[in-house]
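Predicted model, so just to flag it, every value in this text is computed and none were measured. Order of the sequence lines fixes the chain letters, A, B, ..., with proteins taken first and strands second; residue numbering starts at 1 for each chain.
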2 protein chains.
Amino acid sequence: MARNKAYSEEEVLGKAMEVFWKNGYEATSVRLLEKEMGINQFSIYSTFSSKKELFILSLKKYTEYVKVHRFHTLLKKDAGLKDLETFFHHFARKKRTEQHYRGCLVVNTTGELGAKDPDIAKALSNYFGFIKNTIKQVLQNAVEAGELSANADIDKYSNYLLGVLQGLSVGAKALEEQQIKDIVDMTMANIK
Amino acid sequence: MARNKAYSEEEVLGKAMEVFWKNGYEATSVRLLEKEMGINQFSIYSTFSSKKELFILSLKKYTEYVKVHRFHTLLKKDAGLKDLETFFHHFARKKRTEQHYRGCLVVNTTGELGAKDPDIAKALSNYFGFIKNTIKQVLQNAVEAGELSANADIDKYSNYLLGVLQGLSVGAKALEEQQIKDIVDMTMANIK
DNA sequence: GTCATTTCTAAGCTATTGCTTAGATAAGTA
DNA sequence: TACTTATCTAAGCAATAGCTTAGAAATGAC
């Protein structure tokens, strides 16, 4: 063994995620990362290999972040339709309370980079798969609790809700609060 | 008067739009624009002032583009629910036929830049306003044709459809064809 | 304490960024 | 034909991009 790192990898990765989230991939320079992560370029490259690798790890970190800060209510064992509705309605509130809503890091990246890079595309796909499964589990709970008909096509429903969620992630950056509300109302009325 | 320009402004602007659409704003260099537009940097700057101005003009050009190539069926005088349904179903087909679907330039930009720059944000907002109004007019036609109930809240409906459209623009870059189909099916079933 | 190994600082690398400029070229006016 | 004005080519500007390297500093093993 030898000298220890003077920083926590998870901690500086969290900072990197914030920078990418705020600025986007291309607009984030390694100098800015260096400043915000609090470590210099040598450390960034020796620990995270490249800007792209750091970004992909940031996308994974983001998944962990939203599990705790966005999807926690839906990840409860007994989460049901009511939780789903509350979750979606949070978008309209966010639009009002946060001056400059940053949107979803993964949706932003889909817009900026799309499928340009296969490694990044895989990370995007993994994230959306996780979101879909989370929603699907809630719908499954709802069926079991009798909130939804037993022959409801919950796979179809979860794809639909994922799609609307992607729309809301764009809309919350570009539309008015009332428009967000309308989208959420219409969508939830469609789940029955 | 003096020497004339050796190119059509509208034509090279169309090329610029294509480059931004394919690559995104930050990933598009002036050297690349120079190459694809077929004019050199002096001409770009003397005619379009800056990269940002050129981009904003490209966003406006994109609006004109989609009027002709995407929304033409919805802009017909008698466009109705059937046209709306066909329009939405085109997304799933696009996903299958176009290897690397580029998505919507404006949605992509919302993801990449959001409200970072007020001038660009205004252009995004204008675009989404146009789309909403286009949809709203179709719904109005549908009411008048008796396809929709006279007390349907068509403003709410059009916000909803705009939101789903934004979602599809993301989803078509990141989801599977079947998922797109599910989103479209569920959405259209909700308009009645 | 000595050594091997890793991390640190700080400077520097080449390539590219958005943008500008000097001078040649073209075109309408008189 | 001479003059004015605008557009062209091609080179060049400072600043910054992502990334690397040389040498100093720290740390656990022996």
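Rounded to whole Å, atom P of dC8(D) lies 7 Å from atom CD1 of Ile39(B). Lys52(A) places its NZ atom 10 Å from the P atom of dC19(D), with the value rounded to the nearest Å. Distance Phe48(A) CZ to dT7(C) P: 12 Å, rounded to the nearest Å. Rounded to whole angstrom, the span from the CG atom of Asp117(B) across to the P atom of dG18(C) amounts to 15 Å. Protein atom CD1 of Ile44(A) is 11 Å distant from nucleotide atom P of dC8(C), rounded to whole Å. In this structure, the CD atom of Gln41(A) is 11 Å from the P atom of dT20(D), given to the nearest Å. The distance between atom CG of Asn40(B) and atom C1' of dA22(C), rounded to the nearest whole Å, is 14 Å. Atom OH in Tyr45(B) sits about 17 Å away from atom P in dT7(D), given to the nearest Å.
More than 12 heavy atoms of other shown residues, nucleotides or ligands fall within 6.0 angstrom of atom NE2 in His89(A).
Looking at heavy atoms from C-beta onward, Tyr127(B) lies out of side-chain contact with Thr110(B) at the 4.5 angstrom threshold. The side-chain heavy atoms of Tyr45(B) and Glu53(B), taken from C-beta on, include no pair separated by under 4.5 Å.
Considering only side-chain N and O atoms, Asn4(B) lies under 4.0 angstrom from the phosphate OP1 or OP2 of dG28(C). OP1 and OP2 of dT7(D) both lie 4.0 Å or more from every side-chain N or O belonging to Tyr7(B).
Cluster annotation: Leu105(A) is connected to Leu32(A) through the hydrophobic network of ILVMFWY side chains, with a link wherever side-chain heavy atoms come within less than 4.5 Å.
Within a heavy-atom distance below 4.0 Å of DNA chain C, the residues of residues 22-37 of chain B found are Thr28(B), Ser29(B), Val30(B), Arg31(B).
Side-chain proximity of Ser50(B) to the nucleotides dT27(D), dC8(C), dC19(C) is greatest for dC19(C). Distance from the side chain of Lys51(A) is smallest to dC19(D) among dC19(C), dC19(D), dA10(D). The nucleotide whose nearest atom lies closest to any side-chain atom of Phe42(A) is, among dC8(C), dT20(C), dC8(D), dC8(C). The nucleotide whose nearest atom lies closest to any side-chain atom of Lys5(A) is, among dT27(D), dT20(C), dT7(C), dT7(C).
Checking Asp182(A) against Gln178(A) by side-chain atom types alone, a donor-acceptor pair falls below 3.5 Å. A donor atom on one side chain and an acceptor atom on the other are found under 3.5 Å apart for Asn141(A) and Gln137(A).
Nucleic acid contact for Ser46(A): none, since no nucleic acid atom lies under 4.0 Å from a heavy atom of the residue.
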With a cut-off of 3.5 Å and sequence neighbours excluded, list every side-chain donor-acceptor pair involving residues 63-75 of chain B.
from: Thr63(B); atom 1: OG1; to: Leu59(B); atom 2: O; distance (Å): 3.2
from: His69(B); atom 1: ND1; to: Tyr65(B); atom 2: O; distance (Å): 3.2
from: His72(B); atom 1: ND1; to: Val68(B); atom 2: O; distance (Å): 3.0

